[in-house]
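Single-structure report; data block below.
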Amino acid sequence: MNPFSSGTRLRDMIRAIRACKTAAEERAVVRKECAAIRAAISENDQDYMHRNLAKLMFIHMLGYPTHFGQMECLKLIASPGFPEKRIGYLGLMLLLDERQEVLMLVTNSIKQDLNHTNQYIVGLALCALGNICSAEMARDLAPEVERLLQFRDPNIRKKAALCSIRIVKKVPDLAENFINPAASLLKEKHHGVLITGIQLCTDLCKVSTQALEHFRKKCTDGLVKVLKDIVNSPYAPEYDISGITDPFLHIRLLELLRVLGQGDADASDSMNDILAQVATKTESNKNAGNAILYGCVATIMSIEDNGGLRVLGINILGRFLSNRDNNIRYVALNMLMQAVTVDSQAVQRHRATILECVKDSDPSIRKRALDLVYLLINESNVKPLTKELIEYLEVSDPDFRGDLTTKICSIVEKFYPDKIWYIDQMLKVLSEAGSYVKDEVWHALIVLITNAPNLHGYAVRSLYGALRTAGEQESLVRVAVWCIGEYGEMLVANKGMLDIELPATVTESDAVDVVLTALTSHSADLTTRAMSLIALLKLSNRFPSCSQKINDIITQYKGSFVLELQQRAIEFNSIISKHQKIRPILLERMPVLDEATFSGRRAGSVAATVSTSQGPSAKVPNGLDKPVSAPLVDLLDLSSDDAKAPSSFGGDFLQDLLGIDLSPAAAQPGLNHVEKSGTDVLLDLLSIGTSPVQDSSSPSTPQLPTTKSSLDLLDRLSSPSAPLARTSSPAGSSMMMDLLDGIPQSPTTESSGPKFPKIVAFESTSLKLTFNFSKKPENPQTTLIEANFTNKSQNVFTDFIFQAAVPKFLQLHLDPASSNTLPAIDNGSVTQNLRVTNSQHGKKSLVMRVRICYKVNGKDVLEEGQINNFPHGL
């Protein structure tokens, strides 16, 4: 026989497909079979049509298109014989769905088959209708299905009930028509019909309030009786599973009782006894019994309050936690998370078992158990539970350590009984998992330390000791460096000793060396190094004997390739070398930070402010890319993303250090006052002559006198001689570096727009990316960027692609790169132009994520990074 003729059997086609060695051979066989089937359809070959349709369904399951056979399904359904109808309905359910318009053509055939004298044909029609019924078909055929709910054959009644569920879900308005027929099914003795009838009643209750009230009043007692009969029934081999009579019926009955008892005290009271009986009599050695117990507990937790039953249900879940089956433990943990909001005290009894689940080898159980432990924490048990979690943190898997660290930090911050306990626990967490600690956590620790003056000495000594033993944890290093910079003299002199402490000998040189180690560590990032430089600057005032040593360390970073560190080193060197008079004022301790304000800012409920003792709070911009004030901002994280960005970078820095208000509102009455930009204040601080600063686009403004108190405070302020046009560039520019070195230059007015310094936007071991900026005066929102890519290796990079992404308030346009091949070191570079439009110019700074793809010796390389060091004013 021709293997591709219309008379080929399905098994022959399957053999031919299985014999194919490649996907191409399989496609060829399928194409030839489909061609033969289409030929048979065009020739109206009725003898083998059911066989062809069977092959077509198999081809459909392989994933090939078979839409050309849809009409043949309808023809077979209209055939009088049962074999043809069976294949036709099977093809209808496989090849079509309710979205197909051709489905409307089969409605009349299904209606005729629902009224057929052959019960098997009626069953085929009910199966098809239950699978692909659309809303229109449901409305047309609902009366026939409702009538079949009373059919003499139980199989037909069962299929009619399942079909009714589909109809009710598609058209909820028809639910009322099925209430009485569904209630009559609850009296069935046949378990198959009874299960489908219970499921139909459950779905009716979910879509119709009328059905819910009807079943509550008239069917609750009957359902309780059915469940009681099932629980107490003798051994029935046709329904027995693991020694339990029909667990599927058990679970369906419990689900319906759960729906009926929820929110109704009378219905709940009538089922309490049977639920207690199910909970105590069901064996939990087999999976079938555990399924029934779980359904029983779910029902107990859903119906109206009964304290004794709830405790019984929670105890069942506690036993589940000791089961070796991971699935049973997982569902028990899920149910306990719901139960803890209802009866926390009963769940607390199983606390030890839940803690053991936190240490489970299965990651899903660990995570769910940790969530449950978090819900169980309160003021009375926070200490023992936190101790258990921290002890497990020491041996936990790296994949789980992040979640565990976050939960522990949240627990400690939320429930700490006293501040010394808070500091001790956070030190343990920072020492064990500092790299997993989020920034807001160690920010909060610093805020709490500043608000505990009697613990300053204890905190700095504890942090110093922790840093000596666990110095690789980034968050620990930052907190320790900050505290040593603020309270270094208390560390050396053992001030503020508590009874629980032992005196330790720490010299000034030791304190400086610890900070130097943090600064030079290979694992330290930019934030840590910047904080270390600030700590060294403060220690130069705290420890006069080490001032020269610190100045030498800072001087080494004046030539740093990192612009942020270079700028800080130059400024700090100038403060130490040239401004001894104002250094003590500049380097005073940070003012006490408001804990309530900080917590509110994290919750997003209040504006971000810095609490000071000498004046109004100063808003601080966020982000390490902000010059000068960046470490203080990142350290305290007190700004709001929506806060208006300041016009300069220096003013806020001085406000933080001096604790005074430099705003116009702080000027003395009766005196003329000029609101200076941060650049002016910084120039005043460094004893360099200043002038009023103006934009190149605005007319000159006459100079206003400066107050004598400001001159006394900042020392050696010279009066300006002439107005000066704005030519100062952001931090790190050559002009600023010259000024900080005490070499003033005569600025000139540029008509082509403001100038910005070139930055190293991204750098790795093999690639360096620099940005050159330009702006047009008439369009300050738009920044033109020239990206220059330099290869630092000896290999040629091919298929070079640069991609960038920016936040919604920015618009980015990339021009094509000058080449897709990046030559080896010293052999040239690739350039690409970018245009960025900032809709929040003056309020938000530029930020950009970049992705660079290329090939090296045929291997794909992907490098990613985020650029935060854009110059101010872009």
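Side-chain atoms of Glu84 never come within 3.5 Å of backbone atoms of Ser79 as a donor-acceptor pair (strictly under, hydrogens ignored). Without hydrogens or angle criteria, Ser208 side chain to Cys205 main chain gives no donor-acceptor distance under 3.5 Å. Counting only distance, with no hydrogens or angles, the side chain of Arg366 and the backbone of Ser361 share a donor-acceptor pair below 3.5 Å. The closest donor-acceptor contact from the side chain of Asn378 to the backbone of Asn381 lies under 3.5 Å. Judged by distance alone, with hydrogens and angles left aside, the side-chain atoms of Arg166 form a donor-acceptor pair with the main-chain N or O of Cys133 at under 3.5 Å. For the pair Thr386 (side chain) and Lys383 (backbone), a donor-acceptor distance under 3.5 Å is absent. A donor-acceptor pair under 3.5 Å is absent between the side-chain atoms of Ser410 and the main chain of Thr406, judged by distance alone. No donor-acceptor pair closer than 3.5 Å links the side chain of Asp269 to the backbone N or O of Ala265. The backbone N or O of Ser242 sits nowhere less than 3.5 Å from a side-chain atom of Lys286 that would complete a donor-acceptor pair.
With 3.5 Å as the limit, one finds no donor-acceptor pair spanning the side chains of Arg349 and Asn315. Under 3.5 Å, the side chains of Asp203 and Gln199 contain a donor-acceptor pair of N or O atoms. Gln277 and Asn232 are linked by a side-chain donor-acceptor pair at a separation below 3.5 angstrom, with hydrogens and angles left out of the test.
In this structure, Gly88 and Leu76 approach most closely via the heavy-atom pair CA-CB, 3.8 Å. Residue Val231 comes nearest to His250 through the heavy atom pair CG2-NE2, 3.7 Å, listed as atom of the first residue, atom of the second, then distance. The shortest non-hydrogen separation linking Leu321 to Ala332 is CD2-CB, 3.9 Å. Residues Ala279 and Ile316 come closest through the heavy atom pair CB-CD1, 3.7 Å.
Between Ile110 and Leu141 the shortest side-chain heavy-atom distance falls below 4.5 Å. At least one side-chain heavy atom of Ile195 sits under 4.5 Å from a side-chain heavy atom of Asp246.
The side-chain contact (heavy atoms from CB on, under 4.5 Å) search around Thr196 returns Lys158, Ala161, Leu162, not counting sequence neighbours. For Arg329, the side-chain contact (heavy atoms from CB on, under 4.5 Å) partners two or more places apart in sequence, or in a different chain, are Asn326, Asp360, Ile365. Considering only residues two or more places apart in sequence or on other chains, Phe151 meets the ring-ring contact (aromatic ring centres under 6.0 Å, His included) condition with none of them.
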Check against side chain to side chain contact (heavy atoms under 4.5 Å, CB included), Arg157 and Leu149
CA-CA 5 Å; Arg157 294 201 299 274; Leu149 287 172; 5.9 Å; no

Please lay out, stage by stage, how Lys414 and Tyr374 fare under the test side chain to side chain contact (heavy atoms under 4.5 Å, CB included).
CA-CA 11 Å; Lys414 187 176 181 181; Tyr374 183 74; 4.2 Å; yes

Any chance you could lay out the side chain to side chain contact (heavy atoms under 4.5 Å, CB included) test for Val122 and Thr117, step after step, and finish with the verdict?
CA-CA 8 Å; Val122 175; Thr117 55; over 6 Å; no

Determine, step by step, whether Leu223 and Leu186 satisfy the side chain to side chain contact (heavy atoms under 4.5 Å, CB included) criterion, reporting the C-alpha distance in whole Å, the side-chain angles of both residues, the deciding distance to 0.1 Å, and the verdict.
CA-CA 8 Å; Leu223 290 169; Leu186 300 180; 4.1 Å; yes

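Classification of Glu72 and Lys75 as a salt-bridged pair holds, one side-chain N sitting under 4.0 Å from a carboxylate O. The residues Asp140 and Lys111 are annotated as not salt-bridged, no charged nitrogen and carboxylate oxygen being separated by less than 4.0 angstrom. The pair Lys359-Glu391 does not count as a salt bridge, with every side-chain nitrogen at least 4.0 angstrom from each carboxylate oxygen. Salt-bridge annotation for Asp173 and Arg139: absent, with no side-chain N of the basic residue lying under 4.0 Å from a carboxylate O of the acidic one.
The salt bridge (charged side-chain N to carboxylate O under 4.0 Å, His left out) pairs that include a residue from residues 208-218 are Glu213-Arg216, where partners are two or more places apart or lie in different chains. Applying the ring-ring contact (aromatic ring centres under 6.0 Å, His included) test to pairs two or more places apart or on separate chains, none has a residue in residues 78-132. The ring-ring contact (aromatic ring centres under 6.0 Å, His included) pairs that include a residue from residues 167-208 are His191-Tyr239, where partners are two or more places apart or lie in different chains.
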